[in-house]
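This report concerns only the one structure given below.
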Amino acid sequence: MPWSTTKPLLQNISLPFSMDTLAIHPPKPPRVHLVHHDALAVSVGVGLAVYLVFKRFEPVLVHQHFWLLIVPPALIASFLLSPHYASARAVAVAFGLHNATILSATLLYRVGPWHPLARYPGPFAFRLSKLALAWATSDGKQFEHLKRLHDTYGDIVRIGPNEVSIRDSSAIIPVLGLNGLPKGPHWAGRNMTDSAEQLVSLVDVREHARRRRPWNRAFSAPALRGYEEAIARRAEQLVELLAKHSEEGRPANMGKCIGSFTYDLMSDMAFGGGSEQMRDGDQDSVWALMEQGLAASQIMGHCPWLGIYMGYVPFAARLMKQLLDYGEDRAMERIKNGSLARDFFYYLNNEDGMEKAPPPLATVAIDGALAIVAGSDTSSCVLAHTIYCVLSNPGVYRRLQAEIDSYFPPGENAMNTSKHSDMAYLNAVINETMRMYPPLPSGSQRATTRETGGCIVGPYYIPPGTTVNLPFYVLNHDPRNFSPKTDTFWPDRWLVASGLQKFQGAPGEEFVHDASAFIPFSYGPANCVGKGLAMQEIRMVLCLLMQKLELRLADGWDPKGYDEQILEWLVMIKPYLPVVVERRPGPVHQI
Ligand code: HEM
């Protein structure tokens with residue numbers, strides 16, 4: 001503060017004792033007594049100083065907020081305002097002034113032309129607070145909102161005070177690639193704590209790379225071969241579950257059956273077993289809990305501070321705690337029983353002895369729980385959407401079945417993975433499903449920090465302290481990346497792109513296929529570590545289902561509403577999908 005401002009303030013300070021009294025009584029601690037308007041001015045000044053701390057460091061922790069938002073006005077009320085007001089009023093004035101100053105300075109800065117993101121367009125409310133986007137997307141349709149925003153404002157949109165969304169495939173490498181940016185802040189809010197240790201939420205790039213090593217080994221090619229038997233066993237069980245529906249004369253809800261399959265499988269993979277949803281049903285309502293948890297986490301991902309606060313509310317944190325407790329129980333049991341097969345735990349718990357020391361139990365438990373959630377929701381989403389797309393396009397169904405039958409005639413093992421990568425139509429169908437319905441439609445989030453500094457992303461400068469989103473759904477539905485039939489399920493585009501089929505468009509129609517824009521598993525050193533397993537599992541299940549079963553949509557069910565019912569709670573939620581199932585005649589392969 002310049003001296004010219006400070007001097008009059010000091011002159012106005014009157015001490016609450018006279019010099020004469022010093023001779024009679026020992027001195028009491030001096031009490032600062034400012035005249036009324038100066039006391040208020042100090043309160044505003046302290047508010048502005050705290051605002052600068054918020055602007056620079058963006059503190060989100062509860063104890064930081066206590067020191068910045070509660071302590072200063074409490075001191076001001078006790079020492080500066082108490083001579084002027086009754087105590088309750090002094091407290092109200094101090095808190096009101098302090099927080100109103102911080103709020104107004106924050107909002108003015110965010111909407112002002114001096115904000116480093118001021119040049120990027122976006123709705124006015126989104127500049128003010130992330131609460132605006134959280135509210136707008138609380139209907140579960142964030143991916144559609146983002147698409148509309150880009151259609152309105154262009155390739156870069158300011159979707160928060162310090163956040164942009166970029167619809168430009170040239171941004172993928174600088175943002176997600178090897179020398180890209182650290183993870184963004186949304187995981188802290190989703191996990192309801194700033195100290196979550198899950199691999200997926202590690203912001204520190206070096207720590208992430210260190211923790212990722214055992215995961216990479218758990219998903220290496222030899223490790224994946226070791227999982228084939230477990231996948232095959234569970235896939236056979238899924239076929240039996242679906243066939244049972246037909247024997248009972250009722251359609252199967254495909255999303256639910258497949259969800260049970262992936263959950264049981266991921267429990268096998270992570271902890272060597274422990275879940276039997278296909279046999280016993282979802283007795284612990286795991287799927288409901290997971291979907292509720294993800295729905296709540298959608299809002300908290302936008303406002304990490306809110307998630308961290310909610311983490312202290314026992315009822316709100318219940319779901320997260322249940323998940324962590326489950327992971328810990330399963331990890332303890334797995335340690336007690338030892339390993340029967342090389343599951344993920346074998347690698348994550350350093351049973352392969354490749355790391356210097358085994359990780360703490362809490363870390364393995366939390367990562368095991370992550371594997372179950374990350375691996376079951378996503379793969380089941382792709383499988384269910386693929387079946388929906390195939391069944392609502394009879395030509396695609398027949399062509400896919402013909403390809404599967406030609407590779408695996410009745411009696412042959414349809415889960416023989418050595419043939420799957422050659423099956424062009426199968427892979428086209430899976431890719432096209434993930435293009436239409438990427439399981440994480442709003443994509444990946446990364447952020448520049450003060451340490452990384454700003455960076456250039458294509459034609460854009462991203463200043464330090466900016467969160468950057470690459471929305472997969474929007475990239476996939478951009479005609480500059482995929483056309484014609486951008487919004488239509490058309491697997492042939494993948495065959496045309498790989499030269500296996502000729503493009504037969506209308507006169508003058510151009511075929512566009514930018515495969516670099518297609519990143520359903522994300523990209524770079526923090527991409528989906530389970531990509532290989534997911535693809536292996538999806539191909540095995542589809543081949544087995546189509547070889548052994550005849551499937552069709554239930555009579556009277558209108559598929560038109562399917563898209564409307566798709567919600568995004570981080571991952572796309574599978575709508576109700578009733579399917580009539582019949583066994584196909586022919587010899588049955590036994591594994
Ligand atoms: C079709 C299925 C799947 C899709 C589309 C998918 C997609 C993704 C995406 C988009 C990410 C975020 C990466 C980022 O932040 O940029 C991710 C992360 C992750 N996924 Fe998957 N995933 C799938 C299946 C699986 C499976 C089967 C597992 C196995 C356990 C798995 C485990 C993980 C893990 C551990 C991470 C965190 C990686 C890291 O931070 O290093 N995912 N996944």
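The shown structure was predicted, so the numbers you read here are calculated from the model rather than taken from an experiment. Values reported hereafter were calculated over all heavy atoms of this structure, with side chains retained and with hydrogens, waters and symmetry mates removed. The first residue of the sequence shown is numbered 1, and numbering continues consecutively from there. Both counts, for ligands and for their atoms, begin at 1 and track the order of listing.
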For the aromatic rings, using the six-membered ring if either is Trp, is the centroid distance between His385 and Phe489 under 6.0 Å?
no
Taking the minimum heavy-atom distance to atom 35 (C) of ligand 1, which of Trp187, Trp215, Phe219 ranks first?
Trp215
Would Phe472 count as a contact residue for ligand 1, given that I'm defining contact as a non-hydrogen atom of the residue lying under 4.0 Å from a ligand atom?
yes
Arg446 to ligand 1, any heavy atom closer than 4.0 Å
yes
Determine whether the side chain, the backbone, both or neither of Lys531 has a heavy atom under 4.0 Å from any heavy atom of ligand 1.
neither
In terms of the angle between their ring planes, are Phe482 and Trp494 parallel, tilted or perpendicular, with boundaries placed at 30° and 60°?
tilted
Residue-level breakdown please: for Val382 versus ligand 1, do any non-hydrogen atoms fall below 4.0 Å on the side chain, on the backbone, on both, or on neither?
side chain
At under 4.0 Å between heavy atoms, what of His208 touches ligand 1? The answer is side chain
Can you pull out the closest protein heavy atom to atom 7 (C) of ligand 1? Residue, atom name and distance to 0.1 Å, please.
Pro520 O, 3.6 Å
Just to be sure I'm reading this right: ignoring hydrogens, which of Cys381, Pro439, Cys528, Ala374 gets closest to atom 43 (N) of ligand 1? Compare them by their nearest heavy atoms.
Cys528
For ligand 1, is there an atom lying under 4.0 Å from some heavy atom of Lys183?
yes
Is Leu202 touching ligand 1 with its side chain, its backbone, both, or neither, if touching means heavy atoms under 4.0 Å apart?
neither
Rounded distance (nearest 0.5 Å) linking atom CD of Gln536 with atom NZ of Lys531:
14.0 Å
Mind telling me whether Phe344 and Phe219 have parallel, tilted or perpendicular rings, with 30° and 60° as the class edges?
tilted
